Amino acid sequence: MALAQQTTQLTGLARQLVMQSFLNEEDALNALEAAKKDKLPFVQYITKKELVKSIDIASIASTEFGTPILDISTVELDKDTVKVIKENLINKHHALPLFKRGARLFVAVADPTNIGALDEIKFQSGLSTEAILVEADKLETAITKALAEADDSMNMSDFDDDDLEGLDYEDTEKEDDDTGSGSDDAPVVKFVNKILLDAINKGASDIHFEPYEKFFRVRLRLDGILEEVAKPPVNLTPRILARIKVLSRLDISERRIPQDGRMRMKISKSRAIDFRVSTCPTLFGEKAVLRILDPSSAQLGIDALGYESFQKDLYLDALSKPQGMILVTGPTGSGKTVSLYTGLNILNTEEVNISTAEDPAEINLPGVNQVNVNPKTGLTFAAALRSFLRQDPDIVMVGEIRDLETAEIGIKAAQTGHMVLSTLHTNDAPQTLGRLMNMGVPPYNIASAVSLIIAQRLARRLCENCKAPHDVPKEAKLEEGFTEENVSQNFTIYKPVGCSSCNGGYKGRVGIYQVMKISDEMGRIIMEGGNALDLANQAKKEGIPDLRESGLKKVMDGITSLEEVNRVTKD
């Protein structure tokens, strides 16, 4: 009796949840107030806040109000029926039209006691409405999918349909056929297809879908620089993001936490492009970034990467050894993965066993056993590396050395007859050895295991069609780092101009490298506890050019501009 008196302020489903002890009265009242403040239906609010499980809410509603539960994920939604109710009402009341029978409209709801919502839908549609009970979380997923696919209001520039007809998405379309996401005539679908295809054709490395308060923009990273390519209406943000999430098999109802996924676009029977997809909640919606992973980039060959001849010889010599560790260092997007995979492609023969641990695997390479690490399940880099060493390996690649445990296992593998390739995030080659020591790796192990370090950056390559000579005074050349010997060679520095076949005077990118072989003297410095500065001085004595000097060599050869080298190498 006391409990009944306490719940007199509550009505409908909120009252039943308190009566059934799924919520206490205070939490229920607070949730009602907060839902009203956030302009959300009560059931949607408590589901989002995980106060009560959606299946429990549906069970109570079904029992108390005599309404059967429908599994909405099994229903094939009709776009025309969805459009019977305006989008603002669907979002306001968290209700979705399922089907019509004459003058009766059957509407999926999570709270059948919300009579006001049904009355408003009845008034707007002109049809008699009947509630069908569904689970709140499944209803939210269904609403997102339905709105993403039913929208025909998008007024974009005309698309070239011939370019889009041959596109297909491996596996995802077949698995999600019930969502209607494969409807090629939907403007949102065409828009996303067009953006992806344009990005591939332009040679972009990343696609950014970015929502803001007043606008929504799409940018491509072309030759390392972001460039805006489209500004669709801001109200289309959720539908465009839903389309991307459907293709990459992400949870489209989850907008509160970052998600990572992957999808593959089949451009033709012989070519497919992979996309690594990352979403992140921002103030005004989710931002999505798609990294374009073209498997053909691993097949370019070492000569196409921009190594000087002596640098290439050092890399090939290190790869030819049966054991040792090769480390590639540089910031995100500097081409480390392509450098590593180029080396793996050289080593990839039927005589050797190659295993890689990556986060995630970016390029599929047939003949290589690739593993995606997953720390949530305990599959860390260290765990994967331990497993590899029990599987008769010849060559092991670790995506990144992030901790002492991974570093120690990798170094022990390099000391016991295995070739190990990995990456570190440091600014140059000498600092890489210092980073390993700071992690706690004993200097003796570093000196005996590491055989080669490659530090690299990517600079934009000057367009051969429009580059023009740039007159730079001798004093300015010396100040930039050119030597007196360089200046006496009377070389020509070129600058970007811009033409119809390039991006602002640049076309493509070229690698700038510092390739440092660990010599006996460097090993002695390491074992004596020397720092990165000592190693850099020794590298200079041994004639190893640093990143700046390698970049200036590219300027002297007319491959890139002085401004571009300053952008990627100057301190």
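All heavy atoms count here, side chains included; hydrogens, waters and symmetry mates do not. Remember, it's a predicted structure, so these values are computed and weren't measured experimentally.
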Does [Y] offer a backbone N or O that forms a donor-acceptor pair with the side chain of [X] under 3.5 Å?
X: Lys554; Y: Gly306; result: yes
X: Tyr315; Y: Ser339; result: yes
X: Lys467; Y: Thr560; result: no

request  = Applying ring-ring contact (aromatic ring centres under 6.0 Å, His included), name anything that partners Tyr513, two or more places apart in sequence or on another chain.
outcome  =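 Residues passing ring-ring contact (aromatic ring centres under 6.0 Å, His included) with Tyr513: Tyr307.
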Salt bridge [X]-[Y], side-chain N to carboxylate O under 4.0 Å:
X: Arg567; Y: Glu564; answer: yes
X: Glu140; Y: Arg255; answer: yes
X: Lys194; Y: Asp198; answer: yes
X: Lys495; Y: Glu563; answer: no

Which residues pass the salt bridge (charged side-chain N to carboxylate O under 4.0 Å, His left out) test with [X], not counting sequence neighbours?
X: Asp428; answer: none
X: Asp359; answer: Arg402
X: Lys138; answer: Asp71, Glu135

[X]: side chain to side chain contact (heavy atoms under 4.5 Å, CB included) partners, not counting sequence neighbours:
X: Glu254; value: Asp251, Arg256, Ile257, Gln259
X: Asn427; value: Gln431, Arg457
X: Arg461; value: Val510, Ile559
X: Ser422; value: Leu327, Val398, Ile401

task = Go through the steps to decide whether Thr406 and Asp403 satisfy the test side chain to side chain donor-acceptor pair (under 3.5 Å), and finish with yes or no.
result = CA-CA 6 Å; Thr406 306; Asp403 51 49; 2.8 Å; yes
inquiry  = Is there a side-chain contact (heavy atoms from CB on, under 4.5 Å) between Asp303 and Lys312? Walk through the geometry before answering.
reply    = CA-CA 8 Å; Asp303 293 321; Lys312 181 182 75 171; 2.8 Å; yes
What is the distance from atom [atom1] of [X] to atom [atom2] of [Y], rounded to the nearest 0.5 Å?
X: Lys231; Y: Arg219; atom1: NZ; atom2: CZ; value: 11.0 Å
X: Ile326; Y: Ile454; atom1: CD1; atom2: CD1; value: 6.5 Å
X: Arg249; Y: Arg262; atom1: CZ; atom2: CZ; value: 10.5 Å
X: Leu226; Y: Asp206; atom1: CG; atom2: CG; value: 7.5 Å
X: Leu319; Y: Leu347; atom1: CG; atom2: CG; value: 5.0 Å
X: Thr282; Y: Glu210; atom1: OG1; atom2: CD; value: 9.0 Å

Closest approach of [X] to [Y] (non-hydrogen atoms, all atoms of both residues):
X: Arg243; Y: Val188; result: CB-CG1, 4.1 Å
X: Ser334; Y: Leu458; result: O-CG, 3.3 Å
X: Ile90; Y: Val82; result: CD1-O, 3.9 Å

query = Any ring pair (Phe, Tyr, Trp, His ring centres under 6.0 Å) pairs touching residues 200-225, not counting sequence neighbours?
reply =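 Of all non-adjacent pairs touching residues 200-225, those that pass ring pair (Phe, Tyr, Trp, His ring centres under 6.0 Å) are Tyr212-Phe215.
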task = Using the ring pair (Phe, Tyr, Trp, His ring centres under 6.0 Å) rule, collect all pairs that involve residues 223-263, keeping only residues at least two apart or in two chains.
result =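 Counting only pairs at least two positions apart or across chains, no ring pair (Phe, Tyr, Trp, His ring centres under 6.0 Å) contact touches residues 223-263.
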ask   = With Tyr506, which of Cys466, Cys463, Pro496 fulfils side chain to side chain contact (heavy atoms under 4.5 Å, CB included)?
value =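 For Tyr506, the side chain to side chain contact (heavy atoms under 4.5 Å, CB included) check succeeds only for Pro496.
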query = Only one of Leu89, Val109, Ile143 clears side chain to side chain contact (heavy atoms under 4.5 Å, CB included) with His94; which?
reply =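 Result: among Leu89, Val109, Ile143, Ile143 is the only option passing the side chain to side chain contact (heavy atoms under 4.5 Å, CB included) with His94.
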ask   = Under 3.5 Å, is there a donor-acceptor pair between the Arg221 and Ser205 side chains?
value =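 Looking only at side-chain atoms, Ser205 and Arg221 do not form any donor-acceptor pair under 3.5 Å.
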key: Set of side-chain hydrogen bond (donor to acceptor under 3.5 Å, both in side chains) partners for Asp313, sequence neighbours left out   =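 Asp313 satisfies side-chain hydrogen bond (donor to acceptor under 3.5 Å, both in side chains) with no residue once adjacent residues are dropped.
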query = Sequence neighbours excluded, which residues qualify as side-chain hydrogen bond (donor to acceptor under 3.5 Å, both in side chains) partners of Thr329?
reply =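 Here the qualifying residues are Thr426.
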query = Does NZ belonging to Lys507 count more than 12 external heavy atoms closer than 6.0 Å?
reply =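 12 or below, so no.
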From CA spacing to verdict: side-chain contact (heavy atoms from CB on, under 4.5 Å), Glu400, His425 = CA-CA 8 Å; Glu400 183 184 348; His425 285 285; 3.0 Å; yes
request  = Show your reasoning for whether side-chain contact (heavy atoms from CB on, under 4.5 Å) applies to Leu247 and Val277.
outcome  = CA-CA 10 Å; Leu247 291 174; Val277 182; over 6 Å; no
key: Heavy-atom side-chain proximity of Pro211 to Glu286 below 4.5 angstrom   =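 Side chain of Pro211 against side chain of Glu286, heavy atoms only: no contact under 4.5 Å found.
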